[in-house]
Structure formats: structure tokens, C-alpha cells
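Below you'll find the structure, written out as C-alpha cells, and then a few comments.
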Amino acid sequence: MSSHIQRATELVAEAESVVVLTGAGMSAESGVPTFRDAQTGLWQRFAPEQLATEEAFRANPSMVWTWYVWRAMLVDSVDPNAGHHAIGTWQQHLAARDGSLTVATQNVDDLHERGGAQDVLHLHGSLHSYRCLECGTPGTFDPASTGITADQDFDHETFVPTVHCDHCELGVLRPNVVWFGESLPEQAFAAAVSALQQAQLVVVVGSSGLVQPAASLPLIAHEAGASLIEINPAATTLSDTADIYIPSTAAVALPELLADIV
Ligand code: OAD
């Protein structure tokens with residue numbers, strides 16, 4: 001066991017209120033590409049302003065839908081990794097001892113839930129829910145009905161679902177994710193801030209820390225006196241601030257860190 005992990009296991013053993021903040025690196029070993037990694041990151045292949053904005057959706061709904069349906073199908077085709085399972089087990093372990101563990105993620109996949117975590121705060125929305133572009137009312141849509149599959153390379157526009165909103169009948173459905181320039185879901189963000197203000201320990205896994213306001217969340221807890229552990233194979237702007245920076249991956253470091261619990 002590395003000395004980083006050994007020191008971190010002591011913090012884990014002492015902490016009764018924990019927040020785990022995750023980004024795209026959390027799901028990388030499940031086979032979901034990150035946004036900014038040099039070889040595989042989605043933003044290396046696609047420009048965010050072409051795909052993750054309301055302007056892009058209004059200008060080219062076919063392209064934006066195709067991208068989100070492809071990602072939903074990709075996520076459905078993969079499994080949670082050992083890191084997701086370790087977090088789920090840790091949450092159950094603390095709950096059984098009157099402690100608490102809150103998971104707040106920038107990820108739009110459902111791998112934390114499938115790894116056993118409950119009440120996950122999705123700060124950037126979900127790939128598996130939809131809402132009206134105009135009035136915001138939730139709507140239903142089955143991405144599998146499009147015929148788009150995970151193994152097909154995302155390279156062209158194949159699909160436009162013009163599903164009208166049942167409520168206002170004017171708008172069409174859009175993915176229920178946070179696009180650039182949009183606010184985070186108020187309830188999820190407030191719940192994350194509240195959990196961070198009370199946390200004894202915060203573990204940040206697999207985020208480049210380049211997208212606000214999620215990137216500032218660990219600092220709220222740090223300023224309130226919480227210990228901070230970061231797990232990321234590449235150092236970030238948070239690494240120097242963290243009490244312990246573990247230069248390893250989610251699926252390797254989390255089970256090691258939680259070996260006494262999981
Ligand atoms: P990024 O793609 O920016 O960063 C992924 C991070 O994960 C990097 O720091 C990698 O070093 C790290 N990483 C890679 N593999 C890992 C592994 N196996 N284990 C642990 N860490 C690993 O992803 P995010 O920080 O999540 O927003 O990106 C934030 C937001 O930017 C996303 O939610 C998305 C994107 O634009 C929107 O679409 C609004």
C-alpha cells in the first residue's frame with residue numbers, strides 16, 4: 001500500500017460525514033470517455049459549443065440529439081466499475097452507523113446508482129431524463145427507439161425526435177442536462193453545498209476542475225475545516241490544496257482506500 005493511501009485510510013476510518021465529488025474520470029474505467037483527456041476525451045473530437053448549448057440544439061437539433069442518444073446508449077452498454085461499487089458500499093456502511101455519505105457528481109450517467117449509491121446529486125443533469133425546451137415539464141422518450149447503438153461511431157446526424165410537450169404543446173423535448181451557459185439544478189446544488197459545509201471528509205475523484213461552479217465545491221468544505229483527498233492520475237489545480245493527493249485511478253484507488261470497509 002502506498003504511503004498516500006495509508007494516510008488516507010486513517011482519514012476514512014475517522015470520518016462520519018463524507019462527501020464524494022466525482023467527474024468524468026470516475027466512469028473512465030467503465031468505458032465512458034472523459035471530456036478533456038488527450039487521446040479519448042470527447043472534447044478532442046467535438047466542439048462543446050456545437051453540441052452542449054441551447055443555441056446548438058435550436059440550430060441543429062439532429063446533431064445534438066444524435067450525440068446525446070449515442071451517449072445514453074453507450075452508458076447503458078457498460079457497467080459500474082470497482083470505484084462506483086466501493087462508494088456505494090461505503091455509503092451503506094456509514095448509514096448503518098448513523099453517519100452519512102453524499103455523492104455529488106458532474107456525470108450525467110447512472111453508474112453511481114447502479115454501483116449501489118443512493119440519492120446521488122446530479123449537478124449536470126442526467127442522460128436518462130428529458131424535459132420541454134420551452135416550459136421545462138418532464139417528458140418521456142426512449143433512446144433505444146432511435147436505433148442508434150453504442151458501437152456506432154458518432155460522426156453524423158441520424159435522428160431528430162420531434163416529441164412535443166404534453167403540457168404546453170408548444171415546446172419539444174430536450175435532454176435534461178446542463179448545457180454551457182445554463183444554471184445548475186437548484187435543489188441538487190443547494191444540497192451539495194449544505195453537505196459540504198457539514199462534511200468532515202471530502203473525496204474528489206476524476207475531475208479536471210475546469211468547469212465552474214462545480215470546481216469550487218471542494219473549497220467550500222476545505223474552508224469549513226474538512227479534510228480533502230483527491231484521486232486523479234493527473235494532477236489538477238486542486239492537488240496542491242488537497243490534504244492528500246492520490247495519483248491513481250478511481251477503480252484502483254477507491255477499493256484500496258476502502259479496503260477495511262468494502
Ligand atoms: P474532464 O474530462 O474535464 O476531466 C476528467 C478528469 O478525469 C481528468 O482530470 C483526468 O485526469 C481524470 N481521469 C481520467 N481517467 C481517470 C480515472 N480512470 N480515474 C480517475 N480520474 C481519471 O471531466 P470533468 O471534470 O468531469 O460539462 O468535466 C466537467 C464538465 O465538463 C462535464 O460535466 C461536462 C464537461 O464540459 C458539461 O457538459 C456542462
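Keep in mind that this is a model prediction, so the values were computed, not measured. Whatever order the structure lists ligands and atoms in, that order sets their numbers, starting from 1. Here, residue 1 is the first one in the sequence, and each next residue gets the next number.
- By the criterion of side-chain heavy atoms lying less than 4.5 angstrom apart, applied directly or through intervening Ile, Leu, Val, Met, Phe, Trp or Tyr residues, Phe180 is grouped together with Val64 in one hydrophobic cluster.
- Taking atom 19 (N) of ligand 1 as the reference point, the nearest protein heavy-atom neighbour is Ala250 N, 3.0 Å.
- Looking at Thr249 next to ligand 1, no N or O pair under 3.5 Å apart turns up.
- If you check which protein heavy atom lies closest to atom 8 (C) of ligand 1, you get Asn232 ND2, 3.9 Å.
- Summary of contacts: the protein heavy atom closest to atom 26 (O) of ligand 1 is Ala24 N, 2.8 Å.
- Polar contact check, Val211 against ligand 1: no nitrogen or oxygen pair lies under 3.5 Å apart.
- Of all protein heavy atoms, the one closest to atom 36 (O) of ligand 1 is Trp43 NE1, 3.0 Å.
- Closest to atom 27 (O) of ligand 1 among all protein heavy atoms lies His124 ND1, 3.5 Å.
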Full working for side-chain hydrogen bond (donor to acceptor under 3.5 Å, both in side chains) between His222 and Thr241: CA-CA 9 Å; His222 195 59; Thr241 310; over 6 Å; no
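- Between Thr236 and Glu230, the side chains place a donor N or O and an acceptor N or O closer than 3.5 Å (distance only, hydrogens not considered).
- Within the 4.0 Å heavy-atom shell around ligand 1 one does not find Ala52.
- Side-chain contact of Thr249 with Glu29: a donor-acceptor pair under 3.5 Å is present, judged by distance alone.
- Judged by distance alone, the side chains of Asp109 and Ser27 do bring a donor and an acceptor atom under 3.5 Å apart.
- Salt bridge annotation for Glu14-Arg7: absent, with no cationic side-chain nitrogen under 4.0 angstrom from a carboxylate oxygen.
- Residue contacts with ligand 1, taken as heavy atom pairs separated by less than 4.0 Å, involve Ser207 via backbone and side-chain atoms alike.
- Looking only at heavy atoms of the protein, atom 29 (C) of ligand 1 is closest to Gln106 OE1, 3.2 Å.
- Summarising the contacts of atom 18 (N) of ligand 1 with Glu182, Glu29, Met26, the nearest heavy atom is found in Glu29.
- Residue contacts with ligand 1 for Val178 involve N, CA, C or O but no side-chain atom from C-beta outward (heavy atoms, distance under 4.0 Å).
- Using cut-offs of 30° and 60° for the angle between ring planes, the Phe141 and Tyr130 rings count as perpendicular.
- Closest to atom 6 (C) of ligand 1, if we only count protein heavy atoms, is Gly206 O, 3.4 Å.
- Atom 14 (C) of ligand 1 has as its closest protein heavy atom Asp37 OD2, 3.2 Å.
- Looking at residues two or more places apart in sequence or on another chain, you find a side chain to side chain donor-acceptor pair (under 3.5 Å) between Ser30 and Asn81.
- Atom numbering of ligand 1 starts at 1 in the shown order; those under 4.0 Å from a heavy atom of Gly23 are 26 (O).
- Inclusion of Gly25 in the set of residues having an N or O under 3.5 Å from an N or O of ligand 1 is warranted.
- For the residue pair His128/Asn176, the side-chain donor-acceptor check at 3.5 Å is not satisfied.
- Looking at Trp179 against ligand 1, nothing comes within 4.0 Å, counting heavy atoms.
- Considering backbone and side-chain N/O atoms, Ile231 never comes within less than 3.5 Å of an N/O atom of ligand 1.
- Of all the atoms in ligand 1, the ones that sit under 4.0 Å from a non-hydrogen atom of Ala28 are 15 (N), 18 (N).
- With sequence neighbours left out, the ring-ring contact (aromatic ring centres under 6.0 Å, His included) criterion links His122 to no other residue.
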Full working for side-chain hydrogen bond (donor to acceptor under 3.5 Å, both in side chains) between Gln198 and Ser17: CA-CA 7 Å; Gln198 292 159 41; Ser17 57; over 6 Å; no
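- Residue Ser208 places at least one N or O, backbone or side chain, under 3.5 Å from an N or O of ligand 1.
- Rounding to the nearest 0.5 angstrom, the gap separating the CG atom in Leu238 from the CG atom in Leu228 is 5.0 Å.
- Counting heavy atoms under 4.0 Å from ligand 1, residue Arg36 touches it through both backbone and side chain.
- With rounding to the nearest 0.5 Å, the separation of CG in Leu121 from OG in Ser194 is 10.0 Å.
- Each of the following atoms of ligand 1 lies closer than 4.0 Å to a heavy atom of Phe180: 36 (O).
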